Amino acid sequence: MQVTETKAEGLKREIEVVVPASDLEARLQTRLHEAKDKVQLKGFRPGKVPVAHMRKMYGKSFMAEIVNEILKDTPRNVISERGERSAMQPEIDMTEDEGEAEKVLAGKSDFKFTLSYETLPSFELQSTGGMKIERPIVDVPDDEVEEQVKRVAENAREYTPKDGAAEQGDRVTMDFVGKIDGEAFQGGSASDSNLVIGSNQFIPGFEDQLVGVSAGDEKQVSVTFPADYGAPDLAGKEATFDTVIKAVASPAEIEINDDLAKKLGLESEERLRTVVREQIESQYGQATRQKVKRQILDSLDEAYSFDLPGKLVEAEFTNIWNQVQAELSRSGKTFEDEDTTEEKARDEYRKLAERRVRLGLVLSEIGEKAGVQVTDEELQRAMFDQLRRYPGQEQQVYEFYQKNPDALASLRAPIYEEKVIDHLLAEADVTDKVVSKEELLAEDEADETLGAAS
């Protein structure tokens, strides 16, 4: 096999590979002799089929298998022998001339093809010890815990069937059909739907029109969807809801005590408050984690600058852009609504794609040097989390991940990334800073889920 580099421009490489016809012939002869003792053909005793006859019968199909094996194994072997790492799967360019291809399969011509790929860039890892990180934390006040406990109690509130007209705070059970211009619209109907008047769960104006209804009443409710409604096809439109009132119930008094806690599966009121506090602290802890992670990534982004594989950047940009387009479509907004243009947005998101690719490569290199690994148990847990998202389809989802290495890698990548962040955090100089809830929960400009390769 002859391997010749024909291009080396920056990270781009082109390699011409030539497999002489003599090498193909030798591999074919080996395969024919191996098959001779296994093939059973009419008119020949087992193991006595002449190789020439075998070649006539199976030569072309065997040679096709050999060519496919070469195409499968050669790129990996060539790149490894050159001491390089390909950023993405190499592209293979073969002759499109049918006559030439037939000559190769017949063993009368050399097999030539070209590998095109981009290498992963080489860069020196810098010391990460002593990286200064300010960790924002929120002290959960008792009144926030009490407020949340009251919400829990409100959700667990019991209702007593009521004869007579519905009032503010009452729960109405109803069937309804929503219509626009007299035609029912998708998602606008429900049966045995419970609605507490005054909870502001439905479209503005809907609940107020239920005041005074009684069980057995039929009422048409007229509303206008808000201009910023989540479904663009409904936003700003007038609609009617034909409702059938099936029951009215009045609320019981809220009591926060041991009985409420036991109703929720907890042993006491004190334990209820403890659980609520832990939940709030966990939510703030996740926000703290994201802020800390952002600081680490910003620090790394400032510390590294190197050429990036264009196709990796393009793939990341395409992924980001597709999400942007889907969000605009879902919300019914345009770039002008976001005070920008498509050209400016493309430029900004391409910069984000470059940042993500660069940081992904840096995190991968740091993790490799630090010996960070994703265990089978961690990967299994991530897979089970996915299975739970698709009840009734668990087996199909499991088989999908088992048969698709790229899909499995997509589960491994975020786990690996978080473990590298943990490694960097353990070496960092971290200072805690108490901040307000508003400061902590203020959103950053960009999502920093990188998906670093492991």
Side-chain angles (χ1 to χ4, degrees), residues 68 71-73 75-76 85-92 120 155 186-193 230-233 265 275 278-279 282-283 285-287 289-290 293 297 309 311-331 349 352-353 355-357 359-361 363-364 367-368 371-423 443-444 446-454:
N68 286 332
L71 292 176
K72 178 183 176 183
D73 299 336
R76 180 178 62 252
R85 293 182 298 168
S86 177
M88 298 182 73
Q89 187 70 21
E91 294 181 1
I92 299 176
L120 289 176
N155 291 332
Q186 186 175 5
S189 302
S191 298
D192 295 324
S193 176
D233 56 327
V275 169
E278 289 173 349
Q279 289 175 341
S282 176
Q283 292 168 359
Q286 292 174 18
R289 169 76 176 193
Q290 286 305 110
K293 180 178 178 180
L297 296 179
K311 290 187 177 180
L312 267 186
V313 173
E314 190 61 33
E316 183 62 33
F317 170 76
T318 298
N319 180 48
I320 295 172
W321 191 249
N322 287 342
Q323 293 179 31
V324 170
Q325 295 283 59
E327 176 59 26
L328 287 176
S329 176
R330 187 197 65 78
S331 65
Y349 285 119
L352 176 59
R355 171 184 164 97
R356 287 186 176 182
V357 170
L359 290 174
L361 294 172
L363 289 176
S364 181
E368 184 174 340
V372 173
Q373 293 184 344
V374 176
T375 66
D376 290 341
E377 182 181 352
E378 289 168 332
L379 192 58
Q380 200 77 5
R381 281 201 301 268
M383 186 183 298
F384 285 148
D385 287 341
Q386 291 297 311
L387 297 183
R388 282 194 287 269
R389 294 177 58 189
Y390 301 94
Q393 304 177 54
E394 291 85 355
Q395 186 61 35
Q396 296 95 311
V397 175
Y398 178 80
E399 291 176 356
F400 170 76
Y401 281 108
Q402 291 299 313
K403 295 176 181 178
N404 292 273
D406 288 344
L408 206 57
S410 71
L411 295 181
R412 179 183 289 106
I415 303 172
Y416 182 86
E417 178 180 309
E418 292 303 320
K419 295 184 78 168
V420 176
I421 294 295
D422 286 338
H423 165 75
E443 294 184 3
D444 289 323
D447 176 21
E448 288 299 339
T449 303
L450 303 174
S454 58

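Predicted model only: the values in this text are computed from it and were never measured.
Legend: residues meeting side-chain hydrogen bond (donor to acceptor under 3.5 Å, both in side chains) with E91, ordered by chain and number and at least two apart, are K311. Under the side-chain contact (heavy atoms from CB on, under 4.5 Å) criterion, Q89 pairs with no residue, sequence neighbours left out. By the side-chain hydrogen bond (donor to acceptor under 3.5 Å, both in side chains) test, Q395 is found to be paired with E399, residues two or more places apart in sequence or in another chain being considered. Applying the side-chain hydrogen bond (donor to acceptor under 3.5 Å, both in side chains) rule to Q396 yields no partners; only residues at least two apart in sequence or on another chain are considered. Applying the ring pair (Phe, Tyr, Trp, His ring centres under 6.0 Å) rule to Y349 yields no partners; only residues at least two apart in sequence or on another chain are considered.
I421 contributes atom CD1, which lies 4.5 Å from atom CG of L297 (distance to the nearest 0.5 angstrom). Expressed to the nearest 0.5 Å, how far OH of Y416 lies from CD of E368 amounts to 6.5 Å. Note that CD of E418 is 9.5 Å distant from CG of L363, once rounded to the nearest 0.5 Å. Expressed to the nearest 0.5 Å, how far CG of D422 lies from CD of E417 amounts to 11.0 Å. With rounding to the nearest 0.5 Å, the separation of CG in L408 from CG in L379 is 4.5 Å. Note that CG of D406 is 12.0 Å distant from OH of Y401, once rounded to the nearest 0.5 Å.
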### Task
Determine, stepwise, if the pair L352 / E316 fulfils side chain to side chain contact (heavy atoms under 4.5 Å, CB included).
CA-CA 9 Å; L352 176 59; E316 183 62 33; over 6 Å; no
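The main-chain N or O of A326 is never found under 3.5 Å from a side-chain atom of S329 such that the two would form a donor-acceptor pair. Looking only at distances, a side-chain donor or acceptor of T318 sits under 3.5 Å from a matching main-chain atom of E314.
Residue L361 comes nearest to P309 through the heavy atom pair CD1-CD, 4.3 Å, listed as atom of the first residue, atom of the second, then distance. Minimum interatomic distance between L411 and M383 (heavy atoms only, all atoms of both residues): CD1-CA, 3.9 Å. Here the shortest heavy-atom pairing between A382 and I415 reads CB-CD1, 3.7 Å. In this structure, I92 and P75 approach most closely via the heavy-atom pair CD1-CG, 4.0 Å.
The environment of Q373 atom CD is sparse: at most 12 non-hydrogen atoms of other residues, nucleotides or ligands sit within 6.0 angstrom. Annotation: D376, atom CG; neighbour count of heavy atoms from other residues, nucleotides and ligands within 6.0 Å does not exceed 12.
Applying the salt bridge (Lys or Arg N to Asp or Glu O under 4.0 Å) test to residues at least two apart or on different chains, the pairs with a partner in residues 382-397 are D385-R388.
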